[in-house]
Amino acid sequence: MYTASSKPTKSQTARRHFLKRLGVLGVVSAAAPVLLSVARGADKKSTGIKSDAVSSKHRWGLLIDTSKCASGCDACVRGCHAEHGISSTGNDHTDAQWIRKIDLQDNLTGTLSSLPMMCQHCKTAPCVDVCPTGASFKRADGIVLVNKHTCIGCRYCVLACPYKARSFIHEPITDQQSWAPRGKGTVESCTLCVHRVDAEEDQQPACAVACTNEAHSAILFGDLNDAESEISLAIEQGQAHEVRSDLHLNTGVRYIDL
Amino acid sequence: MLVFVLSWSGVVEFGFAGDTKTPVIPKGKGDHCVAETDYMRRNHMDLLVHQRDETVIRGIRDEPFSLVECVDCHVQRDAENTPIRVDAKEQFCESCHAFVAVKIDCFGCHAAVPDVASVENAGRAHEYESAENNSARNIQWIPHKQLLSFKQENMVSQKKTYYRNHNVHSLIKTN
C-alpha cells in the first residue's frame with residue numbers, strides 16, 4: 001500500500017502497465033460482439049419474416065360460430081395435432097390436448113351444440129397469475145404462452161385454468177416439429193399458432209385452416225383491437241360470448257350462437 | 001478467469017498434448033458460421049439464450065442465432081441421406097459437449113434434425129388424414145378423478161360405460 005505522494009517502485013509501475021494493457025484488452029473484447037454484429041448485418045438472410053417485436057397494437061383472438069361447427073367433426077383437432085407434431089403416446093389419459101371437441105345439450109330445451117374448446121387467451125389469465133416462475137405469460141399481442149425454458153412443470157396453471165386448456169407432458173418426445181418445441185416435464189396449450197402469426201401477415205391458425213378445408217368455416221382468426229374485424233363487430237353487436245363470462249377474464253376466443 | 005480462457009482455447013484449437021483424445025467435430029454446411037468460429041465456440045450458449053428470449057417473449061424470429069438454423073447447417077446424414085440427430089454420439093453438438101462433460105438440454109424439446117419445412121413454409125394443415133380414420137381422437141370430456149381410476153387395458157369400454165351411466169352436466173356424447 002502506498003500513498004499518492006510516495007513514488008511507485010519499479011514492480012508497481014510494471015503492474016500498472018500490465019493492468020492498463022488488460023483494460024485495453026477488455027475494451028476490445030467488449031467491442032468485439034458489436035463489430036461482429038455489424039459484420040453479420042451484411043450476410044443476414046432475408047426470410048420475409050417479421051423481425052420487429054410484437055406489440056399491443058393487435059390483440060389476436062378467435063371467433064367460433066358454433067352453429068357452423070358440426071358434431072362428430074374433429075378436423076380442427078387433427079389440424080392442430082398435425083401442425084404441432086402431437087401424436088398419441090399410447091396413454092390416452094395423459095395425451096396432450098390443445099383442442100377438445102365438446103358437445104353440449106341444454107337440459108331445458110334439449111338444444112344440442114358442438115364446439116372446440118382450447119386456450120381462451122384471456123386478458124387477465126389465471127394461469128399467468130399463478131405461475132411461480134413467470135413461465136406462463138401473455139405476449140404483447142394477447143397470445144398466452146408457456147415459456148418452456150423457465151417452466152418447472154409444477155402444473156399450478158393446469159389447475160388454475162377454468163377451461164382445462166393445459167396439458168402436462170409426461171413422457172419424452174423425440175419427433176418434434178422444428179417450429180413447435182415440446183418436451184417432457186413442461187406444460188403446454190394452444191399457442192394460437194404463434195409461429196404462423198409471426199411468419200407472415202394474414203396467416204390463419206391450423207385449426208381455422210382445417211375447419212375451412214372441411215367447408216365449415218366455423219373458426220375465424222381476427223384482431224380484437226381492429227374495430228373493423230369480424231370478431232370486433234360480433235362483440236360489438238353482442239353476438240360473441242365468452243365461456244364462463246362470470247369470471248371476467250376477457251377471453252380472446254369468443255363463441256357465436258352459444 | 002484468464003487462465004481458464006487460455007486453457008479452453010488450448011483444448012479446442014490445439015488439442016491436448018499427450019494421450020487425451022480431443023473431440024472430432026463434423027464440418028457444417030457452407031464456408032463459415034453466423035459468427036467467427038472462435039467466437040461461436042465460446043459464446044454460442046449466450047447467443048442462444050439471448051435469441052430464445054427474444055423469440056419466445058417478443059416474437060422476433062428473423063435473427064441469425066436460432067437453434068433451427070444451427071441444426072440445419074450442422075446436421076450430418078447417413079448413407080441413406082437420413083439426417084442424424086445433432087445430439088447423437090459423435091455428432092456436432094454431442095462430440096464437444098461429451099468432451100467437456102456439459103449436458104445439452106436443448107433437444108429434450110427442440111427438433112434435433114432439420115424439418116422438411118422450416119419457419120418459412122411452416123404450416124402443414126393440408127396434410128390431414130380423413131375424418132373417418134380419426135374418430136378415436138375426437139376427444140371427449142371426462143371428470144379427471146374418474147378418468148384416473150380407469151384401468152389402462154379396457155379404457156375405451158370403461159369410458160363408454162361411464163358415458164352411458166353418468167349423464168353429468170349433459171356434457172357427454174354417448175356413442
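Residue numbering restarts at 1 for every chain, and letters A, B, ... go by the order of the sequence lines.
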[atom1]/[X]: more than 12 non-hydrogen atoms of other groups inside 6.0 Å:
X: A:His170; atom1: NE2; value: yes
X: A:Tyr156; atom1: OH; value: no
X: B:Lys27; atom1: NZ; value: yes

query: What part of A:Ile173 is in contact with chain B, defined as an atom under 4.5 angstrom from a non-hydrogen atom: side chain, backbone, both or neither?
result: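 Only the backbone of A:Ile173 comes within 4.5 Å of chain B.
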task: Name the region of A:Thr94, side chain, backbone, both or neither, that has any atom closer than 4.5 Å to a heavy atom of chain B.
output: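 Neither part.
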query: Which residues satisfy the ring-ring contact (aromatic ring centres under 6.0 Å, His included) test with A:Tyr255, sequence neighbours excluded?
result: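 Listed in chain order: nothing, the list is empty.
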- prompt: Does B:Arg61 reach the side chain of A:Val194, with side-chain heavy atoms less than 4.5 Å apart?
  reply: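 Side chain of B:Arg61 against side chain of A:Val194, heavy atoms only: contact under 4.5 Å found.
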field: Sidechain-backbone polar pair: B:Glu54 side chain, A:Ala53 backbone, donor-acceptor under 3.5 Å
entry: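 Answer holds: no.
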message: Per the salt bridge (charged side-chain N to carboxylate O under 4.0 Å, His left out) rule, what does the pair list look like for residues 90-114 of chain B, sequence neighbours excluded?
response: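 Those involving residues 90-114 of chain B are B:Lys103-B:Asp105.
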Taking all non-hydrogen atoms of both residues into account, name the closest pair between [X] and [Y] and its distance.
X: B:His110; Y: A:Gln176; answer: O-OE1, 4.0 Å
X: B:Ala111; Y: A:Ser178; answer: CB-CA, 3.9 Å
X: B:Val56; Y: A:Leu145; answer: O-CD1, 4.0 Å

- request: Drop me the distance from A:Thr174's OG1 to B:Asp87's CG, to the nearest 0.5 angstrom.
  value: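 Rounded to the nearest 0.5 Å, the OG1-CG separation comes out at 10.5 Å.
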